[in-house]
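Working notes, beginning with the structure itself.
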Amino acid sequence: MSKFKMTKSERNWILYDVGNSAFTLLITTILPIYFNYLAKEGGLASEHYMAYWGYAASVTTLLVALLGPVVGTLADTKGFKKPIFTVSLAVGLFGCISLGFAKQWLIFLIIFIIAKVGYSSSLIFYDSMLADVTDEERMDQVSSQGYAWGYIGSCVPFVICLVVVLGADRFGISMETAMMISFGIVALWWLLMSVPLLKQYQQKYYIEKKEHVFRESFSRLGGTFKNIKKEKKAFLFLLAFFFYIDGVYTIIDMATAYGSALGLNSTGLLLALLVTQIVAFPFAILFGYLAQRIAADKLITICIGAYFLIAVYAMFMTTQIQFWILAVCVGMFQGGIQALSRSYFTKIIPANQSGEFFGFLDICGKGAAFMGTAVVSTVTLITGKENYGVGMLAILFLIGMILFRITVREVNKQK
C-alpha cells in the first residue's frame, strides 16, 4: 500500500473527528450507566430508567431532524458554514461541561438533549465540509481516515475517564466528582481537536448571499423538494441509506442490551465496546486504501452484505465469547460503511448544496436509528424472543442493498 500523505486542510478536518468521537463514545457507554445512577439516587423506579432515557433520545432525534435541512441550507450561503458550525460546536461543548454539574436526573436529561443537539448539528456541517477540504479522487481515503482516527483517538480520553470513574473509590472521590472530571476531560479534548479546523477552514463551494438570507434559504429548501426528479440519484441513495444504516445504528445502540442479556457486567460491556473502536481503526484505513483500487459502490455493497451476515449471526448468539466475536466483526465493517457512504454521497450531490443535502442525510440516519430500535423492541415484545427482533435487521440490510444497487445503476447512467 502506498503511503497516503494528507494536506493540512485534510488533516485539520480529520482532527475534528478525533475530537467529537470522544463525546460519541462517552454518550454510548458511560453516560447511560451514570444516568441510571442519578435516577436511582433520585428515587426513580428502575423500570422507568430506560423509558426516560429513550424519551430524551427521541426528543434529540426530532429536534435535529427538524433543524438539519433548514440550517444546512442556510450554511450553504457564502460565509455562513463556518459560523454556524462554530455555534453548534459551542452548544455541544457547553452542554458537555454542564452535564458534570447536573446532580438531578431530570436536569441531567435536559442538558443532555442540549449537548446532543449541538453535537449532532455540528456533524451535519462537518460532513458537508468534505468537498471543501479535498478533491473527488481523495474523498474515499480522507473520509475513511476521519472515521479511523476518530475511533482510535476517542479511546485516549475514554480510557482516562474509565480509570477515573472505575477508580473513584480508590482515589477518594465521589461518583459525581469522577463524572464531572470525565465530562471536563472530554470537552477539553473535543475543543483542542477542533481548533485547527476552526482556524484554517475555508468554504470553497457556496451559494451567493442574497438580500434576505433566511427567506432565500427556505425558498431553496422548497425548490429541492420540488425537484426531486432532478436529483434522483441522491434521493435514491438517501432511501437506501435509511434502510442499511438503520441496521448499523441499531446494532450499535442495542449492543449493551445484548451483552447484558448474555451476563456481561458493566466493565465487560465497556471493554467489549472499546475493542470495537480499536478494531475499527485499521479496518477503516484499509477500506480507504481499497477504494483506490475497487469502486466505492462495490465496497459499500460488501459492507452491507457483511452486516447482513452479522445480523444473522446475532440471532444465534448465546454466549459471552460470541458477543466478543460480534464486537470484532462490527468493528471490521463499521468504519468502512460509514466513511464510504459519506464520501460516495458527497460525490453525487451538488457541491454548493452540500449542507442542505447532508441535512437530509442526517434525517435518514436519525430516523433510521429511531425506527430500528423501535422495530427490534416491538418484535421482541410481541414474540418474547430477542433473537427474532435481531432477525428483522437482516431484512433491513437486504432492502438497503437492493436499493443501493438501484442507486448505483442510476449514478452510472447519468455519468
Side-chain angles (χ1 to χ4, degrees), residues 24 28 61 65 68 120 123-124 127 139-140 143-144 146-147 151 232-255 258 276 280 283-284 287-288 290-291 294-315 326-327 329-349 357-377 379 389-412:
T24 307
T28 54
T61 297
S120 299
L123 290 185
I124 295 173
D127 287 341
M139 275 182 190
D140 293 324
S143 183
S144 298
Y147 273 107
Y151 288 135
K232 185 180 177 182
K233 57 188 178 183
F235 283 91
L236 276 172
F237 176 84
L238 288 172
L239 191 59
F241 183 78
F242 178 85
F243 281 98
Y244 72 72
I245 211 67
D246 182 344
V248 174
Y249 287 163
T250 303
I251 286 175
I252 294 169
D253 291 342
M254 301 294 283
Y258 295 155
T276 300
F283 277 91
F287 273 103
L290 288 175
I294 304 170
D297 59 83
K298 291 180 181 177
L299 293 175
I300 293 172
T301 304
I302 289 170
C303 288
I304 299 172
Y307 264 103
F308 173 83
L309 296 175
I310 287 170
V312 172
Y313 169 77
M315 286 181 66
L326 180 77
C329 291
V330 168
M332 288 170 64
F333 296 97
Q334 184 174 295
I337 198 167
Q338 290 178 303
L340 295 177
S341 294
R342 176 168 63 187
S343 55
Y344 188 82
F345 187 61
T346 303
K347 292 174 189 175
I348 65 174
I349 60 174
F357 276 91
F358 270 100
F360 288 124
L361 190 73
D362 193 69
I363 286 181
C364 290
K366 296 291 187 297
F370 181 84
M371 185 188 78
T373 50
V375 167
V376 172
S377 300
V379 172
V390 177
M392 291 298 293
L393 299 182
I395 296 172
L396 294 174
F397 284 122
L398 188 59
I399 295 171
M401 183 184 289
I402 293 168
L403 289 170
F404 180 68
R405 294 315 303 174
I406 294 172
T407 304
V408 172
R409 198 163 59 218
E410 183 65 28
V411 170
N412 291 337

(Q) If you apply the rule side-chain contact (heavy atoms from CB on, under 4.5 Å), what do you find for F243 with F404, and how did you get there? (A) CA-CA 10 Å; F243 281 98; F404 180 68; over 6 Å; no
Q) Minimum heavy-atom separation for D297 to T301, with atom names? A) O-OG1, 2.7 Å
Q.
If you compare all heavy atoms of A284 against all heavy atoms of G335, which two are closest, and at what distance to 0.1 Å?
A. CB-CA, 4.1 Å
Q. Looking at residues at least two apart in the chain, or sitting in another chain, which of them share a side-chain hydrogen bond (donor to acceptor under 3.5 Å, both in side chains) with D140?
A. S343, K347
Q: Under the ring pair (Phe, Tyr, Trp, His ring centres under 6.0 Å) rule, collect the residues that match up with F397, sequence neighbours excluded.
A: Y307
Q | D127 side, atom CG; R342 side, atom CZ - distance, nearest 0.5 Å | A | 5.0 Å
Q: List in chain and number order the residues that pass salt bridge (charged side-chain N to carboxylate O under 4.0 Å, His left out) with R409, two or more places apart in sequence or in another chain; answer none if no residue qualifies.
A: none
Q | Where F283 and M332 come nearest, the two heavy atoms and their spacing | A | CB-O, 3.3 Å
Q. For T276, which residues count as a side-chain hydrogen bond (donor to acceptor under 3.5 Å, both in side chains) partner, sequence neighbours excluded?
A. none
**Q.** Qualifying residues under side-chain hydrogen bond (donor to acceptor under 3.5 Å, both in side chains), relative to S144, sequence neighbours excluded
**A.** none
Q: List for me each residue that meets side chain to side chain contact (heavy atoms under 4.5 Å, CB included) alongside I395, sequence neighbours excluded, and say none if there are none.
A: M392, I399
**Q.** Reported CD1-to-CG distance for the pair I349 and L361, which is rounded to 0.5 angstrom
**A.** 8.0 Å
Q | Interatomic spacing from CD1 in I300 to CE in M401 - rounded to 0.5 Å | A | 11.5 Å
Q) Of the non-hydrogen atoms in F308 and A394, which two are nearest, and what is the gap between them? A) CD1-O, 3.2 Å
Q.
Using the ring pair (Phe, Tyr, Trp, His ring centres under 6.0 Å) criterion, which residues pair with F345? Sequence neighbours excluded.
A. F237, F358
Q | Candidates K232, K233, R405 - the one meeting salt bridge (Lys or Arg N to Asp or Glu O under 4.0 Å) with E410 | A | K232
Q | Rounded distance [0.5 Å steps], CG in N412 versus OG1 in T407 | A | 10.5 Å
Q | Distance (rounded to the nearest 0.5 Å) between D246 CG and L396 CG | A | 5.0 Å
Q: Might you point out which heavy atoms bring S143 and A339 nearest each other, and give the distance in Å?
A: OG-O, 2.7 Å
Q | With sequence neighbours excluded, residues passing side-chain hydrogen bond (donor to acceptor under 3.5 Å, both in side chains) with S341 | A | Y244
Q: Quick one: list whatever passes salt bridge (charged side-chain N to carboxylate O under 4.0 Å, His left out) with K298, sequence neighbours left out.
A: none
Q. Would I337 and V248 count as a side-chain contact (heavy atoms from CB on, under 4.5 Å) if you check the C-alpha gap in whole Å, the side-chain angles of each, and the deciding distance to 0.1 Å?
A. CA-CA 9 Å; I337 198 167; V248 174; 4.0 Å; yes
Q: Starting at CG of L238, measure out to CG of L403 and round the result to the nearest 0.5 Å.
A: 11.5 Å
